[in-house]
Amino acid sequence: VPRERWVWLLILGLAGLTVALSGAAVHLPGVQAPFRLPWPVVAAGFVVADLAMVHIDFRDQSYLANFQEIPLTIGLVFCSPLSLLAARLAGTLVSMGAKNRQSPVKLGFNLAQQGLNTVVAEIIAYHLLLHHSPVSPFGWVALMAAGAASRGVGDACILAVMWITVSRPTLSMLSELVVAGPALLVTSVTLALICVDVLWVNRWAAWMILLVLGVAAFVHVLHHRLRRRYKNLVRLYDFTGEVAAVRPSPELAAQILEQARAILRASRASLLLGEGESFSRTLLDDGGIRTER
């Protein structure tokens with residue numbers, strides 16, 4: 001497929017750029033942290049960030065976002081450059097390759113673009129933090145800049161592959177990135193800076209951070225499920241209100257049942273209609289539609 005060949009060329013270019021920049025990142029002095037985190041721990045953080053997607057509603061649209069800047073920022077402070085790059089690639093390989101079972105071209109692109117934005121973040125962070133502490137006000141700004149550069153590189157790579165495989169990105173898509181991207185970035189890096197400051201003082205506080213994040217993620221999932229069910233019920237109510245005044249017919253009954261199954265994500269749906277003293281029940285499931293009298 002011609003488009004897939006262009007994507008593979010893009011992957012090779014991103015991978016080559018990552019290798020070239022990683023050589024510069026390795027020779028930069030890292031942060032003199034009070035301790036080092038093992039790279040598998042940071043890799044687990046990337047896996048959680050990839051899988052624990054956050055649903056954000058904005059202007060009647062629902063967005064899926066992950067907070068990869070949290071493990072990235074923590075890794076910039078408490079890992080060496082090569083350890084952080086290994087953690088990022090390993091986390092992507094586990095979450096997107098093993099869990100989501102992505103195709104080779106998608107997995108290759110994700111590995112290449114995430115490796116590149118990690119190396120870019122390392123170069124910016126280590127240059128700016130050369131004579132400053134990461135828990136100082138200047139250190140916060142430096143880590144925020146590194147996170148912004150990482151997200152910017154990632155968004156640019158995604159737009160490029162979308163341009164190749166689908167079509168030219170629309171202005172509405174670009175405007176949504178401009179509006180939603182900075183808000184997500186500030187939230188993610190701010191949470192990461194809180195974690196860095198706490199870990200800098202006491203490494204064992206990581207367990208309390210994990211507990212708080214776990215509870216917050218659990219509450220978010222429950223809230224999202226309730227909100228989705230409420231929206232589905234409202235849509236179903238509006239739909240049934242629109243067809244209430246229409247004379248019933250087999251075609252209308254089938255349409256109502258298909259809409260009900262789709263909205264409520266049900267395996268089957270039934271509709272009970274009354275005509276005088278008689279009633280008819282129309283049932284729709286995986287086996288098709290049938291009417292019982």
Side-chain angles (χ1 to χ4, degrees), residues 15 17-50 66-95 111 113-154 182 184-214:
L17 190 56
T18 300
V19 173
L21 293 178
S22 63
V26 169
H27 291 91
L28 288 173
V31 177
Q32 299 299 319
F35 66 93
R36 292 291 185 187
L37 280 175
W39 71 264
V41 174
V42 182
F46 282 115
V47 173
V48 173
D50 286 333
N66 58 27
F67 292 131
Q68 288 189 351
E69 287 81 12
I70 294 180
L72 175 63
T73 305
I74 294 175
L76 288 172
V77 176
F78 297 105
C79 286
S80 66
L82 282 181
S83 296
L84 177 57
L85 182 59
R88 186 67 176 269
L89 296 179
T92 301
L93 194 62
V94 171
S95 61
L111 286 171
Q113 67 96 1
Q114 291 192 3
L116 178 59
N117 62 51
T118 300
V119 174
V120 169
E122 289 177 343
I123 292 176
I124 293 177
Y126 297 150
H127 266 298
L128 295 177
L129 292 174
L130 196 57
H131 302 292
H132 299 273
S133 170
V135 294
S136 65
F138 185 87
W140 300 338
V141 175
L143 292 174
M144 183 72 72
S150 174
R151 182 174 285 268
V153 170
L184 293 174
L185 172 67
V186 171
T187 302
S188 182
V189 177
T190 300
L191 291 174
L193 292 177
I194 295 173
C195 297
V196 167
D197 285 7
V198 172
L199 291 174
W200 193 272
V201 176
N202 185 357
R203 73 180 69 182
W204 300 109
W207 296 108
M208 296 194 316
I209 294 174
L210 291 175
L211 177 61
V212 172
L213 292 178

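Remember, it's a predicted structure, so these values are computed and weren't measured experimentally. Nothing fancy with the numbering, it's 1 onward along the sequence.
Rounding to the nearest 0.5 angstrom, the gap separating the CZ atom in F35 from the CG atom in L199 is 5.0 Å. Atom CD of E122 sits about 8.0 Å away from atom CG of L82, to the nearest 0.5 Å. The CD1 atom of I124 sits 13.5 Å away from the CE atom of M144 when rounded to the nearest 0.5 Å. Of the inter-residue distances, the one linking C195 atom SG with I70 atom CD1 reads 6.0 Å to the nearest 0.5 angstrom. If you take CD on Q113 and OG1 on T118, they are separated by 8.5 Å, rounding to the nearest 0.5 Å.
Within the 4.5 Å cutoff, no side-chain heavy atoms of L111 are placed close to those of R88. Considering only heavy atoms from C-beta on, V201 stays 4.5 Å or farther from D197 through its side chain. Between L85 and W39 there is no side-chain heavy-atom pair separated by less than 4.5 Å. Here the side chains of F78 and L84 are not in contact, with every heavy-atom distance at 4.5 Å or above.
Contact between I123 and L21 at its shortest, heavy atoms only, is CD1-O, 3.7 Å. Across L72 and S150, no two heavy atoms sit closer than the pair CD2-OG, 3.5 Å. Scanning all heavy atoms of the two residues, the minimum distance from A149 to V120 falls at CB-CG1, 4.0 Å. Closest approach of L89 and G115 over heavy atoms only: CD2-CA, 4.0 Å. Contact record, L128 with A145: CD1-CB, 4.2 Å, taken as the closest heavy-atom pair. The nearest pair of heavy atoms linking Y126 to P81 is CE1-CG, 3.5 Å.
With sequence neighbours left out, P134 forms a side-chain contact (heavy atoms from CB on, under 4.5 Å) with V31, V77, L129, L143, W200. H127 meets the ring pair (Phe, Tyr, Trp, His ring centres under 6.0 Å) test with no other residue; sequence neighbours excluded.
Sorted by first and then second residue, the salt bridge (charged side-chain N to carboxylate O under 4.0 Å, His left out) pairs with a member in residues 66-83 read E69-R151; sequence neighbours excluded.
Put simply, the side chain of S95 never gets that close to the backbone of V47: no donor and acceptor are under 3.5 Å apart.
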Step by step, work out the side-chain hydrogen bond (donor to acceptor under 3.5 Å, both in side chains) result for S83 and S80. CA-CA 5 Å; S83 296; S80 66; 2.8 Å; yes
